[in-house]
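Take a look at the structure set out below.
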Number of protein chains: 2
Amino acid sequence: MSTVLDLLSAPLEPYAVRIATRKRQRLSLAAEPEEMLYLIRKGLHLTSAPMPHDRHQVLSILYPGDIVRASALPPIEGAAVISASDKGEVWRVRWSAIEALLGRDANVARVISDRLTDQAARSALHKSILAGLSGDERVVALMLEIAARTGRETATGVTFEMPLSRNDIAEYMALNADTVSRIVSRLRASGVLTPAGRNLLICPSFADLARACPLAPAITRLHNAGHLLPA
Amino acid sequence: MSTVLDLLSAPLEPYAVRIATRKRQRLSLAAEPEEMLYLIRKGLHLTSAPMPHDRHQVLSILYPGDIVRASALPPIEGAAVISASDKGEVWRVRWSAIEALLGRDANVARVISDRLTDQAARSALHKSILAGLSGDERVVALMLEIAARTGRETATGVTFEMPLSRNDIAEYMALNADTVSRIVSRLRASGVLTPAGRNLLICPSFADLARACPLAPAITRLHNAGHLLPA
DNA sequence: CGTAGATTTGAGTTCTGTCAAATTTTGTGG
DNA sequence: CCACAAAATTTGACAGAACTCAAATCTACG
């Protein structure tokens with residue numbers, strides 16, 4: 001099966017510097033002196049930017065196959081990619097190399113444009129979630145996203161790892177860590193999520209979880225969770 | 001001077017259907033049956049999506065040179081482009097035509113990718129504004145954006161038209177119309193904005209306005225407002 | 001000149017943030 | 001494997017910003 005990741009990896013391989021990442025590792029993003037494109041190969045990664053009052057904000061979650069470069073983020077000093085998974089892999093390529101490829105290889109042009117478009121849609125959805133949903137709904141939206149992306153069907157429900165700390169979740173969902181903790185406690189109490197050890201969660205009924213978030217249909221569609229929902 | 005708009009218009013022209021738009025006109029966005037790309041030629045336009053509880057949300061403001069297609073927005077039934085200006089112009093092109101062009105014309109591939117990247121950066125900045133700033137700061141952010149894009153230096157300050165209604169502003173800034181009204185009243189009272197007739201505003205000191213919004217530097221940089229600020 | 005829609009403003013409510021303290025988890029070195 | 005310090009999480013009490021609802025203006029336009 002040829003995935004999006006393969007489609008991009010093949011042409012970029014000759015130009016790429018492989019970077020093995022560990023949890024919390026930062027890759028700083030800057031257009032100067034030379035702009036780099038990062039291709040996510042393995043693991044979950046976050047784009048993060050510093051904000052006023054010593055805060056930070058997680059702008060997006062990057063999954064394997066995603067690409068990112070400084071020009072695609074707000075011009076804020078200190079923007080970075082941060083690894084959320086224990087072990088990840090990222091390829092770094094000079095943007096100038098990509099630009100040259102765009103001219104030579106029609107496939108690369110198509111894949112890059114598709115990737116940017118898909119990521120734009122996810123970014124817009126994330127924006128909708130932040131702007132339109134309550135705190136509880138936002139946290140559920142994140143759980144749905146991670147479950148959709150990384151979850152597995154098990155006997156007791158959909159099992160998935162949550163590699164984001166309470167603080168990461170807060171920075172991604174525009175809440176604060178205390179509030180996130182309260183919300184997660186409520187979700188646990190209501191039974192839609194069950195803790196299953198070290199950062200591991202079980203969602204006994206994916207449909208119930210989806211019901212707790214008005215934008216669930218859009219989330220599951222964009223993150224390919226068809227397989228977790230009843231037809 | 002060759003602008004971004006020209007760079008895109010030239011190659012797309014043979015495939016484009018010209019659409020003259022009037023205020024509030026909707027162009028619906030759907031991937032089915034055939035996906036269309038819209039190129040903004042004149043005027044300000046909004047991308048809007050319906051939300052739970054009979055709400056709507058403005059996902060982005062589109063300026064001349066911007067492009068949009070359904071795949072770049074969340075898969076929400078009823079997403080549309082809505083004209084904010086009295087008279088606008090939009091070109092509609094079949095996405096399949098663009099895709100073919102990507103292979104033939106290296107320039108098109110480069111421009112499209114640049115456009116998507118720039119728009120991604122603006123979307124991410126918008127997200128930062130929604131997630132990290134107070135209501136007052138968010139409204140100021142919008143004023144800065146519009147002033148930066150469309151404002152002119154006059155004797156009394158930077159003059160610009162605000163084509164968005166209170167409700168549009170509310171939907172763009174994740175506030176409600178009542179709150180926006182209160183905030184604008186406060187801005188007027190504090191003197192950073194002066195009404196100057198029909199949807200026209202004057203900002204006596206652009207620097208003062210910028211001081212009222214922590215993300216002003218990023219906003220002015222992304223929206224090319226260098227010319228409105230003291231060096 | 002009258003009406004429908006937009007805007008403004010007030011009063012009361014609610015959700016989320018802030019601050020602080022208690023508790024749990026994690027990482028490290030013996 | 002255990003002890004301990006540091007960090008993360010949880011929870012309570014309280015404050016504040018923004019929302020809701022409603023009424024009063026104001027504007028645009030036929």
Side-chain angles (χ1 to χ4, degrees), chain A residues 22-25 51-58 82 84 86 129-143 161-190 193 195-201 212-214, chain B residues 22-24 51-58 82 84 86 129-142 161-190 193 195-201 212-214:
Chain A
R22 55 184 198 294
K23 207 176 176 99
R24 306 255 133 247
Q25 181 168 342
M51 291 285 290
H53 310 298
D54 290 308
R55 308 272 164 116
H56 288 262
Q57 198 171 110
V58 172
I82 297 179
D86 288 327
I129 290 167
L130 297 185
L133 304 189
S134 72
D136 292 60
E137 293 165 343
R138 297 211 286 272
V139 172
V140 170
L142 171 63
M143 299 297 176
E161 205 197 318
M162 170 48 69
L164 308 199
S165 70
R166 294 286 178 271
N167 203 56
D168 292 334
I169 298 175
E171 291 178 1
Y172 184 55
M173 287 295 137
L175 293 166
N176 81 27
D178 307 60
T179 303
V180 170
S181 177
R182 268 180 260 270
I183 292 172
V184 174
S185 297
R186 281 199 290 271
L187 292 176
R188 234 185 293 127
S190 75
L193 286 178
R198 184 110 180 75
N199 295 336
L200 218 57
L201 292 172
C213 176
Chain B
R22 54 184 199 295
K23 206 175 178 100
R24 304 257 134 244
M51 291 285 291
H53 309 299
D54 289 307
R55 307 272 165 119
H56 288 263
Q57 199 171 110
V58 172
I82 296 179
D86 288 325
I129 290 167
L130 296 185
L133 304 189
S134 71
D136 293 60
E137 292 165 343
R138 297 212 284 272
V139 172
V140 170
L142 171 63
E161 205 197 318
M162 169 49 68
L164 307 200
S165 71
R166 294 286 177 272
N167 202 56
D168 291 334
I169 298 175
E171 291 178 1
Y172 184 56
M173 287 295 137
L175 293 166
N176 80 25
D178 308 62
T179 303
V180 170
S181 178
R182 270 179 258 270
I183 292 172
V184 173
S185 297
R186 281 200 289 271
L187 292 176
R188 234 185 293 127
S190 75
L193 286 179
R198 183 107 180 76
N199 295 336
L200 218 59
L201 291 171
C213 176

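Proteins come first, then strands; the chains are lettered A, B, ... in the order of their sequence lines, and each starts at number 1.
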For [X], report the nucleic acid contact type (base, sugar-phosphate, nothing); a contact means any heavy atom under 4.0 Å.
| X | value |
| --- | --- |
| A:Arg138 | nothing |
| B:Ala174 | sugar-phosphate |
| A:Arg198 | sugar-phosphate |
| A:Arg188 | sugar-phosphate |

**Message:** In the structure I gave you, are the side-chain heavy atoms of B:Ile183 and B:Arg186 within less than 4.5 Å of one another anywhere?
**Reply:**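 Yes, at least one pair of side-chain atoms sits under 4.5 Å.
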Has [X] got a side-chain N or O lying under 4.0 Å from the OP1 or OP2 atom of [N]?
| X | N | value |
| --- | --- | --- |
| A:Ser181 | D:dT9 | no |
| A:Ser134 | C:dC15 | no |
| A:Arg55 | C:dT18 | yes |
| B:Arg182 | C:dG10 | no |
| A:Ser185 | D:dT11 | yes |

Output the rounded distance in Å from [atom1] ([X]) to [atom2] ([N]).
| X | N | atom1 | atom2 | answer |
| --- | --- | --- | --- | --- |
| B:Asp54 | D:dC19 | CG | P | 17 Å |
| B:Arg24 | D:dA28 | CZ | P | 15 Å |
| B:Arg166 | D:dA28 | CZ | P | 12 Å |
| A:Glu171 | D:dA8 | CD | P | 11 Å |
| A:Arg186 | D:dT11 | CZ | C1' | 12 Å |
| A:Asp136 | C:dC15 | CG | P | 9 Å |
| A:Leu187 | D:dT10 | CG | P | 11 Å |
| A:Asn199 | C:dT25 | CG | C1' | 11 Å |

**Nucleotide nearest A:Asn176 when distance is taken to its side chain, options D:dT10, C:dG17, C:dT8** =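 Within the option list, the nearest is C:dG17.
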**Prompt:** In terms of side-chain heavy atoms of B:Asp178, which of C:dC19, C:dT9, D:dA18 is nearest?
**Reply:**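 For B:Asp178, the side-chain atoms sit closest to C:dT9.
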**Item:** Verdict with supporting geometry, A:Ile129 and A:Met173, side chain to side chain contact (heavy atoms under 4.5 Å, CB included)
**Value:** CA-CA 8 Å; A:Ile129 290 167; A:Met173 287 295 137; 4.3 Å; yes
**Message:** Just verifying a value: how many Å separate B:Glu171 CD and B:Ile82 CD1, rounded to the nearest 0.5 Å?
**Reply:**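 B:Glu171 atom CD to B:Ile82 atom CD1 measures 8.0 Å (nearest 0.5 Å).
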**Request:** By nearest nucleotide on DNA chain C, pick out whichever of A:Gly135 and B:Ser165 is the more 5' one.
**Result:**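 Its nearest nucleotide lies further toward 5', so the answer is B:Ser165.
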**Prompt:** Is atom CZ of B:Arg22 surrounded by more than 12 heavy atoms (other residues, nucleotides or ligands) closer than 6.0 Å?
**Reply:**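 No, because the 6.0 Å sphere around CZ of B:Arg22 holds 12 heavy atoms or fewer from other groups.
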**Request:** Could you go through the side chain to side chain contact (heavy atoms under 4.5 Å, CB included) check for B:Leu200 and B:Arg198 one step at a time?
**Result:** CA-CA 5 Å; B:Leu200 218 59; B:Arg198 183 107 180 76; 5.9 Å; no
